[in-house]
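Chain identifiers are assigned alphabetically (A, B, ...) following the order of the sequence lines, protein sequences preceding nucleic acid strands; residue numbering begins at 1 within each chain.
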There are 2 protein chains.
Amino acid sequence: MKKPQASKYKKYDYAVIATDVALFTVRNRGLQVLLIKMKKEPYTGKWAMPGGLVKANESVDNAAERILREKGGVRNVYLEQLHTFGRVDRDPFGRVVSVAYTALVPSTKLSLKTTEEYADITWFPVKDAPALAYDHREILETAVERLRAKLGYTNIAQNLLPSEFTLSELQSVYEVVLGKKLDKRNFRKKILAIGLVKGTGKERRGQASRPAELYSFRAKKMKTIEIL
Amino acid sequence: MKKPQASKYKKYDYAVIATDVALFTVRNRGLQVLLIKMKKEPYTGKWAMPGGLVKANESVDNAAERILREKGGVRNVYLEQLHTFGRVDRDPFGRVVSVAYTALVPSTKLSLKTTEEYADITWFPVKDAPALAYDHREILETAVERLRAKLGYTNIAQNLLPSEFTLSELQSVYEVVLGKKLDKRNFRKKILAIGLVKGTGKERRGQASRPAELYSFRAKKMKTIEIL
DNA sequence: ACAAAAGTGTTAGGCATACACCCATGG
DNA sequence: CCATGGGTGTATGCCTAACACTTTTGT
């Protein structure tokens with residue numbers, strides 16, 4: 001599509017490595033992604049996922065963590081390498097190869113900084129994300145596809161929930177990410193049968209409805225077991 | 001583990017991008033990987049998978065294809081991005097981030113060049129691969145793990161077989177890669193039930209046994225369907 | 001005739017799916 | 001008392017897994 005222009009910076013004379021992070025949360029009954037509004041031409045007004053160059057003395061994984069912290073405002077969240085995007089013309093500023101990551105954060109863990117909607121950093125529902133800079137549309141689609149797939153065979157969902165949650169909340173995460181309704185009885189039967197979660201005995205009151213039991217995940221580290 | 005030394009080449013002053021390719025085939029009742037013997041210190045005598053730097057004017061995908069052609073001696077084979085390895089100290093020569101790929105080739109497609117065993121480029125059974133340079137042991141393990149997983153939900157096996165093959169040969173590919181025996185009747189039932197392959201009507205004669213029908217894959221491009 | 005690989009069915013148990021009503025609470 | 005979300009069981013069909021013998025050929 002676009003041809004790479006003459007490089008504007010010396011360091012772009014060689015291919016350099018950047019990382020972009022698709023940071024997701026589940027809020028307001030939807031899967032949302034964090035985007036930052038760009039100022040630079042030719043992308044003025046378009047949105048991009050948090051990203052930046054990898055420094056010479058940090059690993060690519062560490063760079064992704066740093067960017068998530070500096071630009072996304074979150075730390076200690078689930079972070080997993082997604083795919084590396086290496087088209088020659090993917091960045092009009094020069095030859096940049098991007099190692100993309102997926103990150104997940106429970107909406108309960110978001111600070112005011114990111115929940116308040118600043119003009120230039122905002123959560124968007126994935127379904128109606130605005131025009132994106134670079135190849136970030138492709139990165140976003142790849143990330144969502146992988147997240148959906150992993151929900152089906154790992155315990156990754158725990159990274160979108162607080163440590164204690166109701167089964168309805170868990171089911172809602174699945175429904176929102178997969179984009180389809182699930183049968184309540186079958187969902188509970190399956191989740192309990194495979195031992196994904198355990199009851200805590202506590203319950204959540206406060207709504208005008210029967211109190212719900214609170215559950216927590218059994219295994220904290222990533223595990224692969226057929227779920228759905 | 002190792003600290004990065006002072007760079008020996010100017011271009012290593014920045015992180016540069018390389019690609020390494022795990023090229024697999026199934027031969028002699030085993031999963032084999034192509035390795036090249038190294039001459040440079042500190043890896044003299046160790047083996048490495050084909051790899052090299054990404055040039056400024058080629059995509060990362062194209063670089064992997066080129067390396068597979070130049071160093072692996074094969075072209076037009078299945079090639080898929082695996083993972084990007086970005087530890088700071090993974091290359092003692094400088095800061096090199098490697099985008100690793102998995103490639104598959106049917107043993108029937110191998111030229112003499114790679115089947116004859118040169119002193120410095122050889123197929124090794126994955127099970128007893130020699131000491132590897134860089135982080136290539138980790139790359140190899142990641143590649144095998146992914147290959148095993150994908151065998152179970154895609155039609156990827158076709159890239160390890162000629163266009164026509166017997167069901168026993170197909171089963172053997174599965175057994176060799178997964179490292180376990182499968183039940184013949186159940187295997188055939190399943191493979192035929194999901195329509196992965198179709199009979200060609202031809203048969204293979206020549207051995208002192210009943211002739212086997214030849215089959216071919218139905219879909220050529222990658223497809224995801226539950227297989228095993 | 002024999003060695004070698006190809007080909008073929010049935011059963012039992014487990015798993016996924018479809019489906020509707022009562023319960024406990026807050027307001 | 002009513003609106004809201006929480007919680008629960010069964011029946012059916014499908015898929016999986018276990019298991020052994022006959023067929024066809026080349027030598």
Run the side-chain donor-acceptor check on residues 192-210 of chain A: report pairs under 3.5 Å with partners two or more places apart or on a different chain.
{"residue": "A:Thr200", "atom": "OG1", "partner": "A:Lys202", "partner atom": "N", "Å": "3.3"}
{"residue": "A:Thr200", "atom": "OG1", "partner": "A:Leu214", "partner atom": "O", "Å": "2.8"}
{"residue": "A:Lys202", "atom": "NZ", "partner": "A:Glu164", "partner atom": "OE1", "Å": "3.3"}
{"residue": "A:Lys202", "atom": "NZ", "partner": "A:Glu164", "partner atom": "OE2", "Å": "2.7"}
{"residue": "A:Glu203", "atom": "OE2", "partner": "A:Arg205", "partner atom": "NH1", "Å": "2.4"}
{"residue": "A:Arg204", "atom": "NH1", "partner": "A:Glu169", "partner atom": "OE1", "Å": "3.3"}
{"residue": "A:Arg204", "atom": "NH1", "partner": "A:Glu169", "partner atom": "OE2", "Å": "2.2"}

**Request:** Could you pull out all residues at least two apart from A:Ser163 that satisfy side chain to side chain contact (heavy atoms under 4.5 Å, CB included)?
**Result:** none

**Message:** Below 4.0 angstrom, which residues in residues 201-209 of chain A have at least one non-hydrogen atom near DNA chain D?
**Reply:** A:Ala208, A:Ser209

**Fill in**
Applying side-chain hydrogen bond (donor to acceptor under 3.5 Å, both in side chains) to B:Lys190 and not counting sequence neighbours gives none

**Between C1' of C:dA5 and CD of B:Glu175, the distance in whole Å** = 14 Å

Could you run down the sub-3.5 Å N/O contacts of the protein with nucleotides 8-14 of chain D?
{"residue": "D:dT10", "atom": "O4", "partner": "A:Lys189", "partner atom": "NZ", "Å": "2.8"}

**Message:** Going by side chain to side chain contact (heavy atoms under 4.5 Å, CB included), name the residues that satisfy it together with A:Lys223, two or more places apart in sequence or in a different chain.
**Reply:** A:Asn155, A:Ala219, A:Ile225

**Prompt:** What are the two closest heavy atoms between A:Val54 and A:Ser59, and how far apart are they?
**Reply:** CG1-O, 4.4 Å

**Request:** Just compare D:dG7, D:dT25, C:dA24 and give me whichever is closest to any side-chain atom of A:Ala212.
**Result:** D:dG7

**Item:** Pairs touching residues 137-164 of chain A that satisfy ring-ring contact (aromatic ring centres under 6.0 Å, His included), sequence neighbours left out
**Value:** none

**Item:** side chain to side chain contact (heavy atoms under 4.5 Å, CB included) involving B:Lys180 - partner list, sequence neighbours excluded
**Value:** B:Leu178, B:Leu182

**Item:** Partners passing side-chain hydrogen bond (donor to acceptor under 3.5 Å, both in side chains) against B:Asp135 (at least two apart in sequence or in another chain)
**Value:** B:Arg90

**Asked** When the nearest nucleotide of DNA chain C is assigned to A:Pro211 and to B:Ser168 on a heavy-atom basis, which residue is associated with the more 5' position?
**Response** B:Ser168

**Request:** Find the distance B:Glu213:CD to D:dT24:P and express it as a whole number of Å.
**Result:** 14 Å

**Asked** What is the distance from CG of B:Leu182 to P of D:dC19, rounded to the nearest Å?
**Response** 15 Å

**Request:** Mind calculating the distance between CD1 (B:Ile191) and C1' (C:dT8) to the nearest angstrom?
**Result:** 17 Å

**Prompt:** Mind checking what makes side chain to side chain contact (heavy atoms under 4.5 Å, CB included) contact with B:Ala133, not counting sequence neighbours?
**Reply:** B:Met38, B:Tyr43, B:Lys46, B:Ala48

**Message:** Looking at A:Asp128, I'd like to know if its CG atom is crowded, meaning that more than 12 non-hydrogen atoms belonging to other residues, nucleotides or ligands lie closer than 6.0 Å.
**Reply:** yes

**Message:** In this structure, how many angstroms lie between the P atom of D:dG6 and the CG atom of A:Leu214, rounded?
**Reply:** 11 Å

**Asked** Quick one: B:Lys181 NZ to C:dA5 C1', roughly how many Å, whole number?
**Response** 13 Å

Would you tabulate the nitrogen or oxygen pairs shorter than 3.5 Å linking the protein to nucleotides 14-16 of chain C?
{"residue": "C:dA16", "atom": "OP1", "partner": "A:Lys190", "partner atom": "NZ", "Å": "2.9"}

**Request:** Please name all residues satisfying side-chain hydrogen bond (donor to acceptor under 3.5 Å, both in side chains) with A:Asn159, sequence neighbours left out, ordered by chain then number.
**Result:** none

**Request:** Grab the CZ-C1' distance between B:Arg29 and C:dA5 for me, whole Å please.
**Result:** 11 Å

